[in-house]
K.L.:
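Got a structure for you, written out below as C-alpha cells; questions coming shortly.
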Amino acid sequence: YSSAGHYVYYLVSELLSRDEHNSYFLYFDSALGKDAVSRFISKNQKALARSFPFHSYSHELRGKYSLELFRALVERDRLDIFHEMSPEFGVAVPGKTVFTVNDVSLWGRESGRGSEAKREEIKKNLLAGKKIIAPTKFTKREIGKYLPGALKKVAVVPHGLDISSHYVWTEDVLSPSDHLDKEELRGMFKLREKFILSIGTISTDKNQRVLLDAYRYICKKFPDTIQDIDLVFAGAKGDGANDFLRELENMNKETGGGVKY
C-alpha cells in the first residue's frame, strides 16, 4: 500500500537520523538493487541491511510457509523490537512485535472468500503483539470495537509531514503540467473561488461522512457564510463508496451544486 510504504519510509528515516543509541536491522526485498539500499542507509553505522525475496515467495510460496521462512530470518537476528506495518502479515516476533494499523475496513467485511478466517487471524496477531500504533483516534475506536482486549495496547501517533523536504512545496501532484495554476484548476473542475478539499480513498473507515454532516449543518445554520464555498472529495473508490456517493449526490442537489466528487 502506498500510504503504508510512505509511513514506513519516513519512520525509518527519522529513527536513523535521530536515534544515536540503538542499532537497526532493515529487511529489504531482494528485488531492490544494492545501490538503492546503500543510498538509503548511507553511512549510518547503526543500520544493517537484510535481504529477503518477498516478491518471489508471495507468488511461489504463499501464506504461512513464506511467513515461517521470514520469521526464522528475523529470529536469527535476536531483535528486541520488531515493527510490522500491517497485522495481516502475521507476527514475526511473538511478544516483541509493534504493529501500525492504518486501515480497519477489512475487519468489517462480511462477504468474500476466507474473510472470516482473515479477520480472526488479524485479531490473533494483534493480541500477540507488544504494542499497536494507530494514526487517528477514530482508528483506535474501531480497533476497540472489533477487539476490546487489545485496546490497552493502542497508542495514537498521527502521521507527520516532512516540511523540510523541498518537494512538498514544489512538486506538482495535481496534473501532468507543472504550469497548471489555481484558476485553471478551478475551471477544469468547475470549482468556486473557495473550496474545502478532502483527498483520500472514499471508504467507510475514513469517516468522510462527518464532512458531509458538517457541511449540511453549516448550510442550514449559516447559509450566507457557506454559499460560495464548495466541498470537494477526490480519491479512489473503496469500501462503502457507492453508498457515500449516493448520499453526496443527494446533498449536492440540496446545496445547489456545492458538493463535488
Side-chain angles (χ1 to χ4, degrees), residues 1-7 85-88 99-116 118-119 122-123 126 132-148 151 154 156-161 173-175 182 185-261:
Y1 306 104
S2 59
S3 58
H6 184 272
Y7 170 83
M85 68 178 184
S86 172
E88 297 176 41
F99 290 107
T100 292
V101 177
N102 287 287
D103 187 358
V104 299
S105 61
L106 175 67
W107 305 1
R109 294 177 188 167
E110 298 301 332
S111 60
R113 183 178 180 182
S115 58
E116 182 60 35
K118 191 66 175 178
R119 284 197 296 272
I122 289 173
K123 292 177 181 180
L126 290 175
I132 302 169
I133 299 173
T136 66
K137 293 180 180 178
F138 172 78
T139 303
K140 180 178 180 177
R141 289 197 301 270
E142 290 297 292
I143 294 172
K145 181 192 301 182
Y146 290 105
L147 196 58
L151 193 57
V154 182
V156 176
V157 182
H159 292 318
L161 175 64
V173 297
L174 297 175
S175 76
K182 292 180 180 179
L185 184 65
R186 290 193 187 98
M188 182 182 298
F189 296 104
K190 299 179 180 179
L191 302 177
R192 298 174 186 173
E193 177 68 20
K194 297 179 181 179
F195 56 89
I196 302 166
L197 177 62
S198 172
I199 300 178
T201 303
I202 307 300
S203 60
T204 305
D205 63 293
K206 293 187 183 300
N207 205 22
Q208 288 136 326
R209 187 165 275 103
V210 169
L211 289 176
L212 285 182
D213 293 340
Y215 191 81
R216 179 184 288 112
Y217 174 82
I218 295 174
C219 284
K220 293 179 179 179
K221 195 76 174 178
F222 310 101
D224 295 336
T225 302
I226 201 71
Q227 64 181 354
D228 295 324
I229 303 176
D230 285 332
L231 175 60
V232 184
F233 293 90
K237 295 180 181 180
D239 292 325
N242 291 334
D243 290 339
F244 177 84
L245 293 176
R246 278 193 292 269
E247 184 176 345
L248 184 150
E249 185 60 32
N250 291 333
M251 188 173 167
N252 192 40
K253 296 175 182 178
E254 295 176 21
T255 59
V259 186
K260 295 179 171 62
Y261 169 70

K.L.:
Enter the distance from L231:CG to L248:CG here, rounded to the nearest 0.5 Å.
P.N.:
7.5 Å
K.L.:
To the nearest 0.5 Å, what is the distance between SG on C219 and CD on E254?
P.N.:
9.0 Å
K.L.:
Can you name the side chain to side chain contact (heavy atoms under 4.5 Å, CB included) partners of I133, sequence neighbours left out?
P.N.:
Y7, V98, T100, V157
K.L.:
By side chain to side chain contact (heavy atoms under 4.5 Å, CB included), which residues pair with E247, not counting sequence neighbours?
P.N.:
R209, L212, D213, R216
K.L.:
Under the ring-ring contact (aromatic ring centres under 6.0 Å, His included) definition, can you give me all pairs with a residue in residues 230-261, not counting sequence neighbours?
P.N.:
F233-F244
K.L.:
Can you find a pair of side-chain heavy atoms, one from V101 and one from L126, that are under 4.5 Å apart?
P.N.:
yes
K.L.:
With a 4.5 Å limit on heavy-atom distance, are the side chains of N252 and E249 in contact?
P.N.:
yes
K.L.:
Going by salt bridge (Lys or Arg N to Asp or Glu O under 4.0 Å), name the residues that satisfy it together with K145, two or more places apart in sequence or in a different chain.
P.N.:
E142
K.L.:
The criterion is side-chain hydrogen bond (donor to acceptor under 3.5 Å, both in side chains); which residues satisfy it with T136, sequence neighbours excluded?
P.N.:
T139
K.L.:
Filter on salt bridge (Lys or Arg N to Asp or Glu O under 4.0 Å), then keep only pairs touching residues 219-234, sequence neighbours left out; what's left?
P.N.:
R192-D230, D230-K260
K.L.:
Would you name the heavy atoms of G235 and I202 that are closest together and state the gap between them?
P.N.:
O-CG1, 4.1 Å
K.L.:
Grab the two heavy atoms, one from A234 and one from L197, that are nearest each other, plus how far apart they are.
P.N.:
CB-CD1, 4.4 Å
K.L.:
Could I get the full list of salt bridge (Lys or Arg N to Asp or Glu O under 4.0 Å) partners for K140, not counting sequence neighbours?
P.N.:
none
